[in-house]
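Read the structure below first, then the notes.
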Amino acid sequence: MFGANNSVFGWRLLKKIPRVVAVVSLALASVAAQAIPSAVHPHKQPSGAPKPYGALPSEQQVAWQRMEFYGFIHFGLNTFTNKEWGYGDEDPTIFNPQKFDADAIVKVCKEAGMAGVIYTAKHHDGFCMWPTKSTSHNITKTPWKNGRGDVVKEFSEACKKEGIKFGTYLSPWDRNHPDYGKRPGDAYTKTYNKQIDELLTNYGPIFEIWFDGANGGDGYYGGAREKRNIGDPEKYYNFKDIVKKIRRIQPDCIIWGAGHYGDARWGGSEDGFVNYPHWHTIGTKGKERGGTGTRDGERWVPAEGDTKVNNAGWFWHPGQDKKVKSVGKLMETWFDCVGRGANLILNVAPNRDGQLDPADVKALLEFKKARDKLYHKDFALNAKTVKASNVRGANFAAKNAVDGDMDTYWATSDNAKSPEIEITLSQKAKFDVVRVREEIRLGQRVDAWALDAWVDNNWQEVVEGSSIGNQAMLKFPRGAVTTDRVRLRITKSAAAPCISEISLFKFPDSVDISTADSEPVISGIRKNKWKVVAPVAGTNAKSAIDGNAATFWKTDSLKTLPQSLTVNMGETISVKAFAYLPRQDGSFTGMTDRYIFELSLDGKKWHKVAEGEFGNLRASPEEQIIEFTPQRARFFRFTGTRALEGDYVSAAEIGIVKE
């Protein structure tokens with residue numbers, strides 16, 4: 001996913017150039033646009049509607065935000081190499097999933113309640129999962145289906161069959177292409193434009209195209225093993241013209257990323273978490289983006305929270321069935337993302353057979369059951385009576401807020417910016433969740449609000465919120481209430497409020513968010529016999545093997561790289577993998593992204609069993625597991641050769657996996 005050169009959006013911590021030549025002619029683009037007409041039509045506001053406030057969404061963005069939830073699928077060469085970021089020199093012949101079934105995968109996604117699927121057609125390794133004419137580094141060079149396969153086509157057709165939307169991910173960074181990063185308008189950017197054209201003209205409607213923020217760094221680059229820096233991604237790729245082209249070919253396609261030209265932005269973390277308050281607008285200079293957005297920003301660019309159904313990684317990794325997220329964790333993510341007005345894209349990763357892990361499928365379907373229980377009953381829907389302190393007119397009645405129709409709304413006169421609306425339910429009910437929506441076509445207007453419940457013959461505030469936008473769904477901090485009367489108070493608004501929906505739900509008793517998995521999973525075996533042996537580099541060396549993710553080893557006093565840690569395991573065992581957990585305190589200093597791992601029987605004669613790069617640590621500082629050919633050993637040595645920041649090594653935990 002994201003890398004050190006992600007200049008598009010930041011992360012939450014506790015994180016004029018010549019026009020690129022398009023391969024498809026204007027005539028072909030025109031044909032493509034006709035073949036895929038816009039399915040989104042302008043929405044007409046009722047007579048007397050309030051004037052819009054601030055930046056506004058397009059109808060395509062409104063339709064996209066109402067999708068709320070869809071899937072990510074990472075599947076390619078990395079699936080077979082146990083990597084997150086392929087280097088670009090991987091042999092295509094390793095890709096041969098004997099039981100790949102796109103229909104089965106997409107069917108599970110639909111059963112899980114996903115409105116669409118986005119497939120990684122090309123990741124940073126540059127390998128194209130369709131028979132592209134832009135590069136020879138593609139699916140035709142694999143033994144799968146004798147080189148006649150097309151994974152993109154199979155996923156797009158499966159989505160059409162299941163009646164859900166199809167999208168694609170196309171990494172701008174290409175660690176395989178020999179010309180990547182040479183200059184704007186170079187051979188690679190022309191190749192990249194060809195790939196965009198093919199994906200947008202050959203696979204039907206594309207609801208979203210993803211341009212990742214990882215750009216430049218170490219790579220294979222046609223054999224030139226070096227580091228390349230592209231500078232400003234917007235200028236190098238010429239996203240301005242790319243976006244114009246996409247608008248022409250697929251006008252309904254939401255563009256994720258693309259610098260300051262796209263339609264959607266990163267939610268700020270790879271945990272699916274977005275900040276609250278949450279604004280759908282950003283500034284044109286991009287000073288405040290990510291999960292929060294910018295209040296009164298110049299452009300409407302809503303956020304998308306991305307995360308995985310398990311903690312192993314974006315691509316499939318051995319043993320990931322033991323890292324699947326609990327229903328509680330997934331529901332917590334739902335409230336921290338969708339509940340704050342962002343869309344949630346949840347990743348699933350097919351294994352080397354081309355099938356989903358049963359543990360992932362089980363988690364997805366249990367997650368769907370939990371959401372169904374949550375939304376089973378909206379106690380405010382078609383309430384007995386609804387009255388407001390101010391109503392703009394007949395087209396904007398208070399009852400519109402509880403009619404279940406997102407296109408109708410309660411609105412007030414222009415000068416009534418702090419109104420109240422009281423809802424009397426058909427009968428007493430027990431609930432602990434409120435969801436409020438604005439008519440976002442008129443802008444994001446509300447800054448603060450509160451919900452009161454009539455309890456013991458008094459109004460009692462049960463929850464307060466700030467931004468609303470597409471939606472704000474909050475759980476009552478002091479637990480459920482039982483009542484038949486509630487009152488929504490708008491306490492601060494930049495313009496007359498336009499509330500399209502107020503809903504009341506009961507969070508399922510069977511789901512416990514308080515026990516949702518929060519600690520990293522530390523792989524390996526019991527370490528009670530382990531000892532760090534001389535020479536000991538840096539400070540707190542024992543912290544790397546103490547089983548505590550909160551402590552970490554660091555070599556900051558040495559100020560040189562590489563640095564090593566040598567461990568005597570106290571017994572001779574067969575080792576098949578090692579695990580590295582980066583520091584978990586929110587700092588990237590010393591976080592090791594390149595490594596060497598060695599084994600020894602006697603602590604004198606060493607065998608290097610693994611060397612490489614941990615991809616994606618900056619955006620996803622999770623445990624990394626690296627497999628190798630099993631070897632018997634009593635000692636291991638971990639060496640950090642490069643850090644994301646700083647000139648030293650750090651590690652929260654280093655472990656091994658027995659054969």
Side-chain angles (χ1 to χ4, degrees), residues 12 15 64-72 108-118 164 264 266-278 280 290-292 302-311 323-348 359-378 406 431-437 463 465-477 479-480 501-518 620:
R12 176 176 72 98
K15 114 190 91 181
W64 178 80
Q65 288 188 262
R66 290 185 179 185
M67 287 179 69
E68 293 189 352
F69 179 48
Y70 36 88
F72 229 161
V108 168
C109 291
K110 181 180 180 180
E111 290 177 351
M114 296 177 179
V117 160
I118 295 177
I164 64 175
W266 189 31
S269 79
E270 292 195 355
D271 297 323
F273 178 98
V274 300
N275 294 331
Y276 191 71
H278 180 72
H280 299 319
T292 303
E304 178 185 87
D306 60 323
T307 193
K308 303 149 292 200
V309 75
N310 66 58
N311 291 312
K323 297 187 175 184
V324 67
K325 292 178 180 176
S326 68
V327 175
K329 180 62 178 177
L330 293 171
M331 287 295 283
E332 179 183 57
T333 302
W334 185 262
F335 273 75
D336 288 345
C337 181
V338 175
R340 294 175 176 178
N343 281 10
L344 175 62
I345 181 169
L346 182 64
N347 187 71
V348 293
D360 288 355
V361 174
K362 182 174 182 288
L364 288 170
L365 298 183
E366 288 181 349
F367 180 33
K368 175 62 163 58
K369 288 180 181 178
R371 299 196 315 277
D372 287 346
K373 288 181 179 178
L374 171 66
Y375 296 125
H376 173 68
K377 177 71 172 177
D378 178 358
M406 290 175 63
F431 48 87
D432 54 7
V433 173
V434 60
R435 182 178 66 193
V436 187
R437 298 183 188 270
V463 69
S466 50
S467 61
I468 298 178
N470 188 48
Q471 71 174 287
M473 184 170 64
L474 303 181
K475 203 166 182 284
F476 301 169
E501 185 179 349
I502 303 170
S503 298
L504 301 169
F505 305 110
K506 177 66 181 70
F507 192 84
D509 294 330
S510 58
V511 178
D512 189 355
I513 285 183
S514 66
T515 60
D517 5 305
S518 57
S620 189

Subject >> From Met67 atom CE to Ile345 atom CD1, the distance as rounded to the nearest 0.5 Å >> reply: 9.5 Å
Original post:
Is the Lys NZ or Arg CZ of Lys308 less than 6.0 Å from the centre of Phe72's six-membered ring, within 45° of the axis?
Top reply: no
Original post:
Does a salt bridge link Glu366 with Lys369, judged by any charged N lying under 4.0 Å from a carboxylate O?
Top reply: no
**OP:** Please round to the nearest 0.5 Å and tell me the distance separating atom SG of Cys337 and atom CE of Met473.
**Re:** 10.0 Å
**OP:** Pick out which of Asp432, Val434, Leu374 makes a side-chain contact (heavy atoms from CB on, under 4.5 Å) with Phe505.
**Re:** Leu374
**OP:** Write down the atom of Ala115, the atom of Ile164, and the distance for their closest heavy-atom approach.
**Re:** O-CB, 3.5 Å
Original post:
Does Glu501 have any salt bridge (charged side-chain N to carboxylate O under 4.0 Å, His left out) partners at least two apart in sequence or in another chain, and if so, which?
Top reply: Arg435, Arg437
Subject >> Side-chain heavy atoms of Glu68 within contact of Gln471, under 4.5 Å >> reply: yes
**OP:** Indicate the atoms forming the closest heavy-atom contact of Gln65 with Asn343, along with that distance.
**Re:** O-OD1, 3.2 Å
**OP:** Taking Thr292 for its side chain and His278 for its backbone only, find out whether a donor-acceptor pair lies under 3.5 Å.
**Re:** no
Subject >> Minimum heavy-atom distance between Ser467 and Ala472, given as atom pair plus value >> reply: O-CB, 3.4 Å
Original post:
Which heavy-atom pair separates Gly267 from Ala303 by the least distance, and what is that distance?
Top reply: CA-CB, 4.1 Å
**OP:** Give a yes or no on whether Lys506 atom NZ has more than 12 heavy-atom contacts from other residues, nucleotides or ligands under 6.0 Å away.
**Re:** yes
**OP:** For the residue pair Pro302 and Trp64, establish whether any side-chain heavy-atom pair is separated by less than 4.5 Å.
**Re:** yes
**OP:** Look at the side chain of Asp360 and the backbone N and O of Val348, then say whether any donor-acceptor pair between them is shorter than 3.5 Å.
**Re:** no
Subject >> Point-to-point distance, once rounded to the nearest 0.5 Å, from SG of Cys109 to CD1 of Ile118 >> reply: 11.5 Å
**OP:** Dump the intermediate steps for side-chain contact (heavy atoms from CB on, under 4.5 Å) on Leu344 and Thr307, then the final yes or no.
**Re:** CA-CA 8 Å; Leu344 175 62; Thr307 193; 4.2 Å; yes
Subject >> Minimum heavy-atom distance between Gly116 and Tyr70, given as atom pair plus value >> reply: O-CB, 3.2 Å
Subject >> Verdict with supporting geometry, Glu332 and Phe273, side-chain contact (heavy atoms from CB on, under 4.5 Å) >> reply: CA-CA 9 Å; Glu332 179 183 57; Phe273 178 98; over 6 Å; no
Original post:
Taking the side chain from Tyr276 and the backbone from Gly339, do they hold a donor-acceptor pair closer than 3.5 Å?
Top reply: no
**OP:** Please work out whether the ring planes of Phe431 and Phe476 are parallel, tilted or perpendicular, with thresholds of 30° and 60°.
**Re:** perpendicular
Original post:
Do side-chain atoms of Trp266 reach the backbone of Ser269 as a donor and acceptor pair under 3.5 angstrom?
Top reply: yes
Subject >> Nearest atoms (heavy-atom pairs only) where Lys323 meets Asn310 >> reply: O-CB, 3.2 Å
Original post:
Can you tell me if Lys325 and Thr333 form a side-chain donor-acceptor pair at under 3.5 Å?
Top reply: no
Subject >> Donor-acceptor contact below 3.5 Å, side chain His280 vs main chain Gly469 >> reply: no
**OP:** Would you please indicate if the ring centroids of Phe335 and Phe507 are separated by under 6.0 Å?
**Re:** yes
Subject >> Within 45° cone of Phe367 ring axis and under 6.0 Å: Arg371 NZ or CZ >> reply: yes
Original post:
Would a distance-only check, ignoring hydrogens and angles, find a side-chain to backbone donor-acceptor pair under 3.5 Å from Asp378 to Leu504?
Top reply: yes
**OP:** Please report the C-alpha distance between Leu330 and Leu364 in whole Å, then the side-chain angles of each, then the deciding distance to 0.1 Å, and finally whether the side-chain contact (heavy atoms from CB on, under 4.5 Å) criterion is met.
**Re:** CA-CA 9 Å; Leu330 293 171; Leu364 288 170; 6.0 Å; no
